[in-house]
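What follows is a short report on a single structure.
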Amino acid sequence: MSKTNGKIRIGFYICHCGTNIAGTVDVQKVVDYAATLPNVVVSKHYKYMCSDPGQEMIQKDIKEQELNRVVVAACSPFLHERTFRNATSQAGLNQFYFQMVNTREQNAWVHLDPEASTEKAMDLVRSAIKRVVFHKPLEQKTVPIKPDVLVVGGGIAGIHASLTLANAGKKVYLVERDPTIGGHMAMFDKTFPTLDCAACILTPKMSAVKNHPNITMWTYSEVESVEGYVGNFKVKVKRKPRYIIDDLCVGCLDCIEACVYKEPRFYDEFNQGLSKRKPVYMPFPQATPQLVVIDPDTCIWFKTGKCKQTCVESCERKAVDLNQQPAYKEIEVGTIIVATGFKPFDAGKVYYYGYGTYPNVYTALEVERLINASGPTSGEVIMRDGSTPKSIAIVHCVGSRDKNTNLWCSRVCCLYSLKLAHLLKEHTHADIYNFYIDIRTPGKLMDEFYTRMAEEGVKFIRGRVADIYPDTSDEEHRRLVVKAEDTLIREIIKVPVDMVVLSTGLVPRDDANDVRRLFNITCSTEGFFIERHPKLAPVNTFTDGIFLAGCCQGPKDIPDTVAQAGAAAAEALALIDLGYIELEPNTAFIVEEECSGCKSCVPLCPYSAISYNEEKRKANINEALCKGCGTCVASCPSGSIKQNLFEDEEIYSEIDGILNYEIYEEAVCC
Amino acid sequence: MLLDKLTEQTGSKQWQPKIVAFFCNWCTYTAADLAGVSRIKHAPNIRVIRVMCSGRVDPQFILDAFSKGADGVLIGGCHPGDCHYQEGNYKCLRRFQMLKRVISSLGIESERLRLEWISASEGDKVRVVVNDMVAKIKQLGPLGLPVKYKEWAKEMHVLDSEIAGKEEVYA
């Protein structure tokens, strides 16, 4: 206490970050400058401040130089604010006596002129040094975490995450929009590069989900609303009426047989429309749960109100209930895993490939169904015109790596194209031509798979397909000509084929934006959800307690999806098992003596955290409800609301610092 | 003339606009970080103050920044409907629209105050907005309120003494 004597003693440190910062910002100049600023006792630079020696340096100075404030100019606070706060608190100083200056992401990395960059660094350092004077010692709030977890999406990602959590003894609510879990993986025939049968590895997991005592599986259901925050989410789930009573239906399919439509005549979603279903249907043989569903859009009873209701009569167990209403379930969970998956690119958008115009142009997912033993043709490759193809073109990058559609590489298309090439060859012995831009096969055993396919005699033509049109010389067979530039021989080539397979890319779901808003997470302009940090927090979102798994975060293959789902489950478990979460103490509070009771803040709070005490004629903020946005603080006419970490003095001093206001102040004064 | 004075005051060779920016933690600050990670170069004239929400931006902060020498003020928030705190950005928008009128009635060009919705994924938009704003403010020239205040203070002083003199005469 001898040295401080009630005085502010600031330690300032700037990080070189190797050459990331020091390559652009003149760190010596900043250090020399900071040393001249009021209250600065220590001013140093170091190669890597976040390293142990860097942190130890701060801690040593806190003790020896009796520092009571610390400012570090380094990377973004999103990256290392916590690191330095911890270092500060371990040295015995309240962690909120620390302030960070973003000198890398928002300075050295985005500016070219070292002089301007150094000047900017000096401005912001001055700003932080002024600000930190006003910092106050604060305590982090802790809130308990509810142990239950909500998993949204019943594809392989949601299935794996649910099982991992359930096996750890946690209660899981798995909500799936479709009548069955399984997602896209259930539609695939084989999986690359091992050529495992997709159903053989997925269906046991599906039934494990169904039978797990810790998993409540709600299919044909959607999340309606999410309120609250990490540890305490209140979620409302809508269970859409499937017009079948879950507990009574045993999946005997008698009702399907009894339907007044004698023949199936409606688009079968699971088979991509390659077969037909009735209004009452089972999505696919291994559907989980084994419950039929009645589609009100096609059922004649719902359309006209006139039907003999033979399905109702046929059911001995009285499981068909055409008057079923949506049911709403309210649950309280502590963490949420969003695994809402992807959508295949709409091949019709690339009109010159003729999907939807020429019957023998297929999407990859249709081919998956076509070669699947439980598919519409029982695994035989019979095209829409009834013939079997003798030559097949596989067109890569449809809706990927294309300025006209999507810029990204969908990562899986090269590999599934190779897989389909192999399977189609196996089924039809046809000649197969792969039209590719680049073959991208990273990952374990993937390139070996490519080599194997090449050795099997699948042909590869390097060139993006420009056009697909009917072969006029071959009227009868309705062959198609695939036109592309073979960029390796620099020639336009035209290959006549019987069948075209479009390897469509992976795109976000249509309602990604709604889902994002529902869960208060962020997504890129394309619509894939954004992780908190691509390397350091790849399954976290910017909203604490909400995690991502699978293709909703970006295109990826099944192994990566499962790994990510496991990671998301582990992150949720880490929170649950700790039992509580520490929150930033950036809540707002009212200085009662100054509050005039004008009530202007009360209606502004979106969380209803502000109430008005009629007796005292003062406003009151419920700290437990306050999320710390600061909107009320900015609105208070008398300045009697304060926000921890963002007090008015702190922000005004930042403004002063940035603009180096004293220079002018002196000028005006004298 | 103002330019000369400013140059004299700050000691820099060539006048460069200084823009104070208030970026919300969840969208625009993150976007600015993304611009960094993606090495998207932009003009070095902005100085970012991080706030949790654009709703925290008190109109007085903006007036304070102008009066202390900012040539421009930029507020960055989440797109409408995307606010991390549900609706803080709408509150910000209301205050912004009011402030635009206030500052133009005070003789500050309204282009000097700008509100932009920049989501966490729009790193490139940070570049576009910052570069555009810097270019526009370069055209407008320095605002230099502190220097103007000083001049006004002098004028007021002269006027004061003149009035005082006259008052003496009348007395």
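The chains referred to below are lettered A, B, ... by the order of the sequence lines, with proteins before strands, and numbering in each begins at 1. Atoms considered below: every heavy atom in the structure, side chains included; atoms not considered: hydrogens, waters and symmetry mates. Since this is a predicted model, take the numbers as computed values, not measurements.
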Inset, instruction - Please report the C-alpha distance between B:Phe22 and A:Ile655 in whole Å, then the side-chain angles of each, then the deciding distance to 0.1 Å, and finally whether the side-chain contact (heavy atoms from CB on, under 4.5 Å) criterion is met. - result: CA-CA 10 Å; B:Phe22 296 93; A:Ile655 299 172; 3.9 Å; yes
Legend entry - Test log, rule side-chain contact (heavy atoms from CB on, under 4.5 Å), inputs A:Lys120 and B:Arg47: CA-CA 7 Å; A:Lys120 178 172 177 176; B:Arg47 310 283 185 263; 3.3 Å; yes
Inset, instruction - Determine, step by step, whether A:Ser76 and B:Tyr29 satisfy the side-chain contact (heavy atoms from CB on, under 4.5 Å) criterion, reporting the C-alpha distance in whole Å, the side-chain angles of both residues, the deciding distance to 0.1 Å, and the verdict. - result: CA-CA 10 Å; A:Ser76 168; B:Tyr29 195 86; 4.1 Å; yes
Inset, instruction - Take B:Ile40 and A:Trp109 through the side-chain contact (heavy atoms from CB on, under 4.5 Å) test and state the conclusion after the steps. - result: CA-CA 8 Å; B:Ile40 298 170; A:Trp109 276 352; over 6 Å; no
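A 4.5 Å side-chain heavy-atom check between A:Asp123 and B:Lys18 finds at least one atom pair inside the cut-off. Using a 4.5 Å heavy-atom cutoff, the side chains of B:Val20 and A:Leu659 are in contact. With contacts defined as side-chain heavy-atom distances shorter than 4.5 Å, the pair A:Thr543/B:Trp26 does not qualify.
From B:His79, atom NE2 reaches atom OG1 of A:Thr522 across 11.5 Å, with rounding to the nearest 0.5 Å. Atom CZ of residue B:Arg56 and atom CD1 of residue A:Ile651 lie 4.0 Å apart, to the nearest 0.5 angstrom. With rounding to the nearest 0.5 Å, the separation of CD in A:Glu654 from CG in B:Asp64 is 12.0 Å.
Top candidate by heavy-atom pairs under 4.5 Å with chain B, chosen from A:Cys636, A:Ala588, A:Ser127, A:Gly628, is A:Gly628. When B:Ala65, B:Cys78, B:Ser119, B:Gly88 are compared by the number of non-hydrogen pairs under 4.5 Å with chain A, B:Ala65 comes out ahead. Across A:Arg131, A:Glu526, A:Gln106, the residue that shares the most heavy-atom pairs under 4.5 angstrom with chain B is A:Gln106. Contacts with chain A were tallied for B:Asp82, B:Val126, B:Val37; B:Asp82 has the most, counting heavy-atom pairs under 4.5 Å.
Contacts between A:Leu645 and chain B at a heavy-atom distance below 4.5 Å are absent for every atom of the residue. For B:Ile46, the parts lying near chain A are the backbone and the side chain together; criterion is any non-hydrogen pair under 4.5 Å. Contacts of A:Cys632 with chain B are absent, with no heavy-atom separation under 4.5 Å from either backbone or side chain. With a 4.5 angstrom heavy-atom cutoff, A:Ser635 touches chain B via backbone and side-chain atoms both. Contacts between A:Asp648 and chain B at a heavy-atom distance below 4.5 Å involve backbone atoms as well as side-chain atoms. Only the side chain of A:Gln643 has a heavy atom closer than 4.5 Å to any heavy atom of chain B. Interface remark: A:Arg516 contributes side-chain atoms only to the contact with chain B (heavy atom separation under 4.5 Å).
Here the closest non-hydrogen pair linking B:Tyr85 and A:Lys627 is CE2-O, 3.5 Å. Taking each heavy atom of A:Asn520 and B:His84 in turn, the nearest pair found is ND2-O, 2.9 Å. The two atoms that bring B:Cys53 and A:Cys629 nearest to each other are CB-O, 3.5 Å, heavy atoms only. For B:Pro44 against A:Ala116, the heavy-atom pair with the smallest separation is CG-CB, 3.5 Å. A:Ile530 and B:Ser121 make their closest contact through CD1-CB, 3.5 Å (heavy atoms, listed as atom of the first residue, atom of the second, distance). Nearest heavy-atom pair across A:His111 and B:Ala43 is CE1-O, 3.4 Å.
Of the N and O atoms on the side chains of B:Asp33 and A:Asn102, at least one donor lies less than 3.5 Å from an acceptor on the other residue.
Of the charged side-chain nitrogens involved, at least one lies within less than 4.0 Å of a carboxylate oxygen, so that B:Arg50 and A:Glu81 count as a salt-bridged pair.
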